[in-house]
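Report on the following structure.
Numbering of ligands and ligand atoms starts at 1, following listing order. Small disclaimer: the values here were computed from a predicted structure and weren't measured.
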Amino acid sequence: MRKLIISFTILVLYFSQVAAYYVPERSVIYQIMVDRFYDRNPTNNEPFYDPEKKNYRLYWGGDIEGIIERLDYIESLGVSMIWLSPLNDNINRMAGGSAPYHGYWPRDFKRIDEHFGTWEDFRRLVEEAKKRGICIIVDYVPNHSNPATDGEFGALYDNGTLVTNYYEDRKNATRNPYTASLENIYHHNGNINDWFGFQLKYANLFGLADFNQMNDFVDNYLKEGAALFVKNGACGFRIDAVKHIELGWLETFYLYLYQISDEPLFIYGEYFANTPDKTFDLYEFYRYSNVSSLLNIPIRESIARTFAYGGSFEQLAKMLEEYYSLFVYPNKQLNFLDSHDLVRFLNMNPNKDRYHMALGLVMTLPGIPVIYYGDESYLVSKEGKGDPYNRPMMVFDNSTKAAEIIRKLSLLRKVNDALAYSDFRTVYVDYNTWIFERKFGSHKILVALNKGPDKNITISLNWTDGTYIDIIEGAILKVKEGQGEIKLPRYSFYVFHVEEEQKTPLIGSITPYIAQPGQKILIAGAGLNGNIKVYIGGRRARIIEKEENSILVEVPEIKTMNAWIPVWVVVNGTRSNEVKLRYYSSNDIPALIVLQGNYTGYLWVKGNIPELSEPRPLLKSPTGHYFAVVPLPRNKTFTVQLYKGLPWEPLQPTNVTLYGIGNKTVILNEAAPETPVCGPGIVAVFALLPLLKRKKKKSPNTTITPYGVPIVAVSWIVRWCL
Ligand code: NOJ
Ligand code: CA
């Protein structure tokens with residue numbers, strides 16, 4: 001009965017807060033490999049179909065219609081976003097003994113694969129999901145098309161029209177004089193084999209034809225392909241293999257999508273880094289996370305190992321604290337236990353008690369939880385462990401304890417601000433027991449785990465005296481005079497929570513957290529109801545729409561040289577906390593910046609425009625040029641300072657200042673750029689100056705010409721024009 005009352009209370013709270021826009025931190029994502037979920041339309045199963053579902057490298061029949069059919073089931077888990085494996089049309093041949101049932105070998109980014117359905121099916125899925133408070137996120141693969149030396153040999157189509165294939169493309173490939181990349185539509189620099197620097201981004205990943213995103217056709221094509229999903233109702237993207245794409249191009253890609261979308265999109269990337277060690281990889285991971293969320297791949301292994309095989313909670317807690325402290329937005333990163341690329345937990349250790357604890361932890365740490373299809377039904381394959389055996393046919397069962405954990409924590413996330421927005425603090429930890437607290441304004445949670453023998457534990461806890469009931473099992477936490485008492489049996493996982501009214505305004509989330517002027521962003525948090533003013537970079541922002549504890553606003557134009565600008569709100573005269581927005585000038589193009597001259601070591605540039613104000617590392621080409629792809633406002637003059645150093649060390653400034661002007665290729669020069677010659681527009685203004693009216697208000701230091709025009713302005717224009 002008590003459990004029923006708790007679930008009911010949460011449901012009431014939830015339904016009173018259902019909003020039109022999705023706040024990612026409030027959501028739990030359900031990840032589906034489309035081919036392996038549910039076959040609703042057997043007419044689209046061929047070719048390469050295995051009706052017996054024994055060959056893991058063939059199609060097994062799942063389709064978009066199947067997902068629509070199973071939406072009620074998905075809804076029953078309480079999740080509010082679905083991430084679908086890539087839907088784009090894939091090659092129609094086998095390659096390396098496998099069919100592209102997984103979707104990661106696309107050939108046409110404007111079409112849906114015939115095995116999965118049509119654009120109409122996709123729209124219907126979006127609509128039906130929306131009725132259930134769920135939105136659709138699509139996996140998108142802008143790094144590559146399909147295998148270069150097998151299958152369809154990198155064949156690429158533009159809405160059905162053949163563009164090229166890897167061998168045809170090679171015939172007209174040219175070598176970029178600065179990056180030394182041989183390129184056309186694709187890069188032709190062999191396969192990645194040293195997994196470092198230039199090769200990571202300019203060579204083929206596992207033999208997959210690697211796009212040259214700096215080619216104008218490719219740049220537009222990939223943006224248009226993704227735009228089709230936005231226009232057909234997707235609420236976000238999981239971007240495949242971002243490790244292998246120039247970040248500067250991705251930034252323009254994201255900004256383009258944010259700009260064209262009516263709703264704030266949620267985009268996150270897959271950067272494969274196995275550990276949270278402070279290596280180059282983790283540095284790059286962290287850097288990417290400052291412009292787009294990422295899956296928390298580096299911490300998954302340690303979490304899974306600690307629960308599946310054993311290990312110390314002390315070490316895990318310390319490692320996670322350090323890891324989360326790296327991010328500007330830790331709650332915008334994504335936690336998961338299982339995925340299509342890693343061995344499922346239950347294939348590592350079939351002990352369900354341990355599994356429940358690990359699942360619960362992933363859903364209560366800072367970050368958005370991702371549930372891999374079948375996590376709720378203990379899905380594992382008997383034939384093997386990793387890829388492709390981590391992709392068995394779905395078994396539907398939402399009556400399990402795992403499903404209950406997912407459901408309860410999904411619902412709690414919708415109403416508890418601490419679970420959605422706060423950082424975390426360890427209250428108690430030893431080898432087998434871990435208790436941590438999360439607080440956001442007047443909301444709190446306390447998570448307790450014990451993988452060792454039964455334990456009664458007393459902790460210091462600054463909660464109001466009383467008895468608190470855990471949402472998972474109905475266990476009890478008694479608090480008196482700053483001391484909390486909990487009984488923790490072996491394999492217990494408890495979540496105690498408090499939701500009280502938040503009276504003063506607090507921002508917990510902005511989506512997206514990168515923006516250019518005119519773009520919409522969603523500000524969400526607590527205490528955001530009443531008379532509201534929003535400030536971005538110190539300027540008042542236009543409010544487009546206001547909902548319970550969330551505000552959709554338009555980003556104004558800000559004069560700044562900084563990458564991050566402050567955002568705050570004032571509610572009924574009270575000012576909120578300040579959060580950060582990563583700001584870009586406007587309509588940036590992906591530009592190749594190149595250093596001329598003899599330099600050595602690890603080099604970085606940091607400049608006087610927002611796009612360059614965070615230090616950016618330069619790659620070194622095989623011909624010795626240093627370069628990077630960065631987003632730049634076209635035609636804008638800028639300067640950069642050159643720095644030296646290793647990523648995790650403080651960077652050392654050199655005495656070198658370099659100049660550039662925003663263009664597709666920018667050669668950074670030590671000499672200031674030539675003063676531009678006066679264009680016709682400027683000449684016209686100059687000629688009209690005498691006709692301009694004298695300004696009424698004089699500024700104290702300005703001399704007025706006989707024509708009523710400030711001399712300073714005239715002399716400035718004369719200087720600029722000659
Ligand atoms: C990462 C995906 O998660 C994986 O499944 C895929 O094979 C590679 N990227 C290549 O697209
Ligand atoms: Ca089918």
Side-chain angles (χ1 to χ4, degrees), residues 29-37 56-60 62 83-91 94-109 113 116 137-152 154 156 166 186-187 191-193 195 199-201 203-211 213 222 225-226 236-245 250 267-274 281 284-285 288 292-298 300-301 334-344 370-373 381 384-392:
I29 299 176
Y30 190 74
Q31 180 195 352
I32 292 177
M33 178 145 282
V34 179
D35 179 59
R36 303 295 156 92
F37 198 61
Y56 274 78
R57 294 184 170 81
L58 295 180
Y59 283 95
W60 286 5
W83 151 23
L84 298 179
S85 53
L87 290 174
N88 279 134
D89 186 27
N90 269 231
I91 53 170
M94 301 277 285
S98 181
Y101 70 91
H102 43 67
Y104 290 102
W105 296 347
R107 59 170 218 168
D108 195 331
F109 287 68
D113 194 276
F116 303 144
I137 290 176
V138 187
D139 210 318
Y140 195 69
V141 192
N143 176 62
H144 55 259
S145 62
N146 46 80
T149 57
D150 200 351
E152 290 198 33
L156 186 69
Y166 202 66
Y186 292 120
H187 292 137
N191 287 335
I192 302 175
N193 48 45
W195 299 92
Q199 278 197 13
L200 271 187
K201 293 177 174 28
N204 294 347
L205 169 68
F206 308 131
L208 297 162
D210 196 59
F211 279 128
Q213 290 86 359
L222 291 173
F237 294 93
R238 179 265 195 190
I239 305 296
D240 189 55
V242 294
K243 180 178 188 166
H244 306 286
I245 305 173
L250 279 169
I267 303 183
Y268 56 97
E270 177 243 2
Y271 186 109
F272 208 91
N274 257 330
D281 248 3
E284 283 292 295
F285 182 96
Y288 272 68
S292 148
S293 305
L294 289 171
L295 287 152
N296 280 332
I297 300 174
R300 184 272 175 183
E301 186 59 23
L334 297 97
N335 295 315
F336 65 97
L337 190 57
D338 290 341
S339 86
H340 62 299
D341 288 329
L342 301 167
V343 176
R344 283 183 184 255
V370 180
I371 306 297
Y372 187 39
Y373 79 99
S381 72
K385 292 188 172 182
D387 170 4
Y389 303 105
N390 47 12
R391 305 155 182 193

- Query: Distance only, no hydrogens: is a donor on one side chain within 3.5 Å (strictly under) of an acceptor on the other, for Tyr271 and Asp281?
  - Reply: yes

- Can you sort out which atoms of ligand 1 are near Arg238, meaning under 4.0 Å from one of its heavy atoms? 2 (C), 3 (O)

- Give a yes/no on ligand 1: does Lys243 have at least one heavy atom closer than 4.0 angstrom to it? no

- Provide the number and element of each atom of ligand 1 under 4.0 Å from a heavy atom of His144. 10 (C), 11 (O)

- Query: Applying a strict 4.0 Å limit to heavy atoms, is His102 in contact with ligand 1?
  - Reply: no

- Can you tell if the side chain of Leu58 reaches within under 4.5 Å of the side chain of Met94, non-hydrogen atoms only? yes

- Under 4.5 Å between any side-chain heavy atoms of Tyr372 and Leu342, yes or no? no

- Message: Judged on heavy-atom distance to atom 11 (O) of ligand 1, which of Asp240, Val242, Ile297 sits nearest?
- Response: Asp240

- Query: Is the centre of the Tyr104 ring less than 6.0 Å from the centre of the Phe206 ring?
  - Reply: no

- Side chain or backbone of Arg391 under 4.0 Å from ligand 1, or both, or neither, by non-hydrogen atoms? side chain

- Query: Hey, does His340 have a side-chain heavy atom less than 4.5 Å from the side chain of His102?
  - Reply: no

- Query: Between Asn204 and Tyr186, is a side chain to side chain donor-acceptor pair (under 3.5 Å) present by the stated rule, with each step listed?
  - Reply: CA-CA 9 Å; Asn204 294 347; Tyr186 292 120; over 6 Å; no

- Message: Give the atom numbers and elements of ligand 1 that come within less than 4.0 Å of a heavy atom of Asp341.
- Response: 1 (C), 2 (C), 3 (O), 4 (C), 5 (O)

